[in-house]
Amino acid sequence: MPKYRRNAVVIDFNVMPNIESVLNTRNHVIIELGSPEEAWDLVDHHNLKHKVGCRGQAFRIPIFLEDNSIQVRVHDLPPHMPNELIATHLEAYGEVNSIRRKV
């Protein structure tokens, strides 16, 4: 059994000042979704795009997958570079779960 939840997304409130109304001690909420695609879609569309106000300040809220993965963004690569070549180079640092292109 994996050490992590399946298809889980974390909404992380640690960027905000300490407030008592957050429900758990780690200051985040975990949402489990039906599939990995739904989880990735939620992260892609909402990470750091929403603000929560507290004590006169607005804080962008991080949303990320809870799968012990690290999301890496590589910039300024030629558009025709194959994903396999990128994966080969990144495997020197650990397992590559997926590669998705951003435009």
Side-chain angles (χ1 to χ4, degrees):
M1 185 163 107
K3 297 179 187 175
Y4 54 87
R5 295 172 177 82
R6 293 191 182 274
N7 310 321
V9 174
V10 177
I11 302 173
D12 187 357
F13 292 100
N14 282 311
V15 295
M16 297 179 62
N18 191 12
I19 53 176
E20 289 80 30
S21 61
V22 176
L23 298 178
N24 69 32
T25 58
R26 292 177 61 193
N27 291 335
H28 65 239
V29 175
I30 299 172
I31 301 170
E32 290 192 30
L33 299 165
S35 71
E37 292 78 20
E38 287 177 304
W40 274 110
D41 190 52
L42 186 89
V43 170
D44 282 345
H45 286 93
H46 298 285
N47 183 36
L48 298 174
K49 294 182 181 169
H50 302 284
K51 297 177 187 174
V52 174
C54 182
R55 300 179 184 148
Q57 287 186 292
F59 298 89
R60 291 190 183 275
I61 303 301
I63 300 174
F64 55 90
L65 292 176
E66 184 185 53
D67 63 356
N68 295 331
S69 293
I70 298 171
Q71 189 174 40
V72 176
R73 292 182 186 217
V74 181
H75 298 272
D76 300 326
L77 293 177
H80 59 276
M81 183 174 283
N83 287 348
E84 296 78 24
L85 181 59
I86 298 167
T88 300
H89 285 281
L90 292 176
E91 284 173 348
Y93 304 100
E95 179 183 350
V96 177
N97 294 331
S98 67
I99 294 181
R100 294 177 308 154
R101 293 188 175 269
K102 297 281 187 179
V103 178

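Every value quoted in this text rests on a predicted model; they were computed, and no experiment measured them. Scope of the values below: all heavy atoms of this structure, side chains included, with no hydrogens, waters or symmetry mates.
With sequence neighbours excluded, the residues that form a side-chain hydrogen bond (donor to acceptor under 3.5 Å, both in side chains) with H45 are D41. A search for side-chain contact (heavy atoms from CB on, under 4.5 Å) contacts involving I31 returns I11, V29, L33, not counting sequence neighbours.
Here the side chains of L65 and W40 are in contact, with some heavy-atom distance below 4.5 Å. Looking at heavy atoms from C-beta onward, L48 lies out of side-chain contact with I61 at the 4.5 angstrom threshold.
Annotation for N47 and I63: closest pair OD1-N, 2.9 Å, computed over non-hydrogen atoms. Considering every non-hydrogen atom in both R60 and P62, the closest pair reads O-CD, 3.4 Å.
Cluster membership for L85 and V72, using ILVMFWY side-chain heavy atoms within less than 4.5 angstrom, is shared. Both V96 and L77 sit in one connected hydrophobic cluster of ILVMFWY residues. Membership requires side-chain heavy atoms under 4.5 Å apart, directly or through other members.
Interatomic distance, CG of N97 versus CG of L90, reported as 11.5 Å (0.5 Å rounding).
In terms of modelled atom types and a separation under 3.5 Å, the side chain of K49 and the main chain of D44 share a donor-acceptor contact.
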